[in-house]
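Heavy atoms only: backbone and side chains are in, while hydrogens, waters and symmetry mates are out. Positions are given from 1, in the same order as the sequence printed here.
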Amino acid sequence: MKALLIFSLMLAAAMAPPVQASGVKPGLEVVVLGSGGPRAFGRAGSSYIVLVDGTPRILLDAGPGAFVRIGELNIDLEQVDIVLLTHLHIDHSGDLAAVFNARALTSDGPIQYRVFGPDGAGLFPKTSRFVDLLVGDNGLFAYQKTFGAQETFSVRDLAIDLNTNVTKILDENGLTVEEIATHHGDCPSVAYRITYHGRSVVFSGDMDASALPNLIRLAKSADLLVFNCAVLDPPNSPSQLYELHTPPKKIGEAARDSHVGSLLLSHIAPDVEESKNDVLKSIHATFMGSAQFATDRMRVSVEHQHPSAH
């Protein structure tokens with residue numbers, strides 16, 4: 001009888017919903033919509049939603065599959081009014097129009113987006129042109145504005161010269177967004193830092209090692225650094241990819257030098273997926289903080305956590 005009682009109590013405890021100590025929502029939280037890159041192998045393309053005091057507010061990149069993840073996670077887009085684009089490759093921007101459309105279909109009032117992204121160069125348009133080509137009056141999806149929601153897009157094109165400083169592009173009610181130019185081959189790119197009441201998360205976007213000094217300045221003492229990890233240490237990835245991406249050893253050194261609290265590795269490629277232990281070993285050769293791999297649908301609370309110097 002006693003054994004049955006103990007079993008019943010254990011079963012009830014297992015079935016009960018988890019108890020949160022304070023019930024207070026994290027001030028800053030990252031939801032990973034997509035943790036993959038351009039290859040189709042089960043991960044959505046790079047995309048994140050940043051929640052402020054529990055409310056989804058910021059869309060950072062919108063890779064293919066982000067639209068599906070938003071539905072799976074039942075994310076309310078009603079207050080998502082800030083869009084940060086690291087660069088305009090398809091695997092980071094392919095679902096942007098779909099996300100705009102999803103919010104328009106459920107909105108009860110006017111929608112005002114503030115969109116930030118890199119200036120144009122070569123084959124890549126500036127971000128303001130990109131948004132106009134998608135949903136402008138003469139854009140590919142001009143019909144988007146016929147769904148009844150009054151949409152406005154305020155788009156700012158960000159400098160792409162590496163010889164630029166960290167620039168604050170938004171500052172309101174304790175929420176700030178800063179950016180700096182990075183380098184991703186011939187594709188203009190930028191990195192972002194989001195801070196809310198003293199807690200900060202930095203998104204590297206896709207970048208090669210030539211831009212690490214800029215990234216380190218932007219990420220100084222951030223609580224979380226989301227770094228795209230698409231290659232292995234040389235010579236284990238095709239040589240041309242090192243002109244586009246930063247290898248694990250360099251990622252670890254950058255995390256150490258910027259004194260970030262923890263690392264979240266995203267934009268995972270198949271060969272990186274198969275070599276996770278080697279990647280982490282390379283990073284932890286210099287960085288003593290927590291490092292983990294992102295997965296689609298992951299939620300990460302941005303907390304103060306800084307490793308001791310190595």
Side-chain angles (χ1 to χ4, degrees), residues 32-48 60-61 63-65 85-94 118 122-124 160 162 180-192 202-216 218-219 222 224-258 260 262-287 289-296 298:
V32 181
L33 300 178
S35 57
R39 303 190 203 179
F41 75 111
R43 294 174 181 261
S46 291
S47 185
Y48 312 87
L60 191 136
D61 285 348
L85 299 173
T86 62
H87 64 291
L88 301 183
H89 275 161
I90 293 169
D91 57 319
H92 292 255
S93 61
L123 294 174
F124 299 91
I160 57 175
L162 282 178
I180 198 166
T182 57
H183 191 266
H184 184 44
D186 65 344
C187 183
S189 58
V190 294
Y192 294 96
V202 173
F203 295 86
S204 73
D206 287 357
M207 56 172 281
D208 61 64
S210 71
L212 284 176
N214 277 11
L215 190 281
I216 290 168
L218 181 71
L224 174 65
L225 172 57
V226 182
F227 209 117
N228 290 0
C229 185
V231 294
L232 300 171
D233 286 323
N236 297 313
S237 292
S239 59
Q240 65 268 26
L241 292 183
Y242 297 114
E243 299 175 7
L244 298 169
H245 295 285
T246 303
K249 183 175 184 293
K250 295 289 187 180
I251 292 175
E253 292 171 354
R256 175 200 63 194
D257 293 346
S258 55
V260 300
S262 60
L263 262 177
L264 183 63
L265 304 172
S266 194
H267 196 279
I268 308 303
D271 53 347
V272 173
E273 179 90 71
E274 296 168 1
S275 305
K276 287 183 177 179
N277 290 338
D278 290 337
V279 169
L280 290 177
K281 183 177 180 181
S282 178
I283 286 171
H284 284 309
T286 53
F287 177 61
S290 168
Q292 62 178 323
F293 287 90
T295 58
D296 291 14
M298 176 185 280

When you compare the side chain of [Y] with that of [X], does any pair of heavy atoms fall below 4.5 Å?
X: H92; Y: L85; answer: no
X: L225; Y: I251; answer: no
X: S282; Y: K250; answer: no
X: T246; Y: L212; answer: yes
X: T86; Y: N228; answer: no
X: D61; Y: F203; answer: no
X: N236; Y: D278; answer: no
X: L265; Y: I283; answer: yes

**Request:** Show your reasoning for whether side chain to side chain contact (heavy atoms under 4.5 Å, CB included) applies to L264 and V32.
**Result:** CA-CA 10 Å; L264 183 63; V32 181; 4.2 Å; yes
Quick one: does [X]'s side chain have a donor or acceptor within less than 3.5 Å of a partner on [Y]'s backbone?
X: S237; Y: L232; value: yes
X: H245; Y: D208; value: no
X: Y48; Y: S35; value: no
X: D233; Y: K249; value: yes
X: S46; Y: G63; value: no

**Asked** Taking everything shown except K276 itself, do over 12 heavy atoms lie less than 6.0 Å from its NZ?
**Response** yes
**Message:** Tell me whether I90 at atom CD1 has more than 12 heavy atoms from other residues, nucleotides or ligands lying less than 6.0 Å away.
**Reply:** no
**Request:** Specify whether H89 and H87 have parallel, tilted or perpendicular ring planes, treating 30° as the upper limit for parallel and 60° as the lower limit for perpendicular.
**Result:** perpendicular
**Request:** Could you walk me through whether N214 and H183 pass side-chain hydrogen bond (donor to acceptor under 3.5 Å, both in side chains), step by step?
**Result:** CA-CA 10 Å; N214 277 11; H183 191 266; over 6 Å; no
Heavy-atom pair of closest approach, residues [X] and [Y]:
X: S258; Y: A254; answer: OG-O, 2.7 Å
X: M207; Y: H184; answer: N-ND1, 4.1 Å
X: F41; Y: I268; answer: CZ-O, 3.2 Å
X: P188; Y: P118; answer: O-CG, 3.6 Å
X: A191; Y: L215; answer: CB-CD2, 4.0 Å
X: L263; Y: F287; answer: CD1-CD2, 3.9 Å

How many angstroms lie between atom [atom1] of [X] and atom [atom2] of [Y], to the nearest 0.5 angstrom?
X: L162; Y: T182; atom1: CG; atom2: OG1; value: 7.5 Å
X: S47; Y: H267; atom1: OG; atom2: NE2; value: 12.0 Å
X: S290; Y: H284; atom1: OG; atom2: NE2; value: 7.0 Å

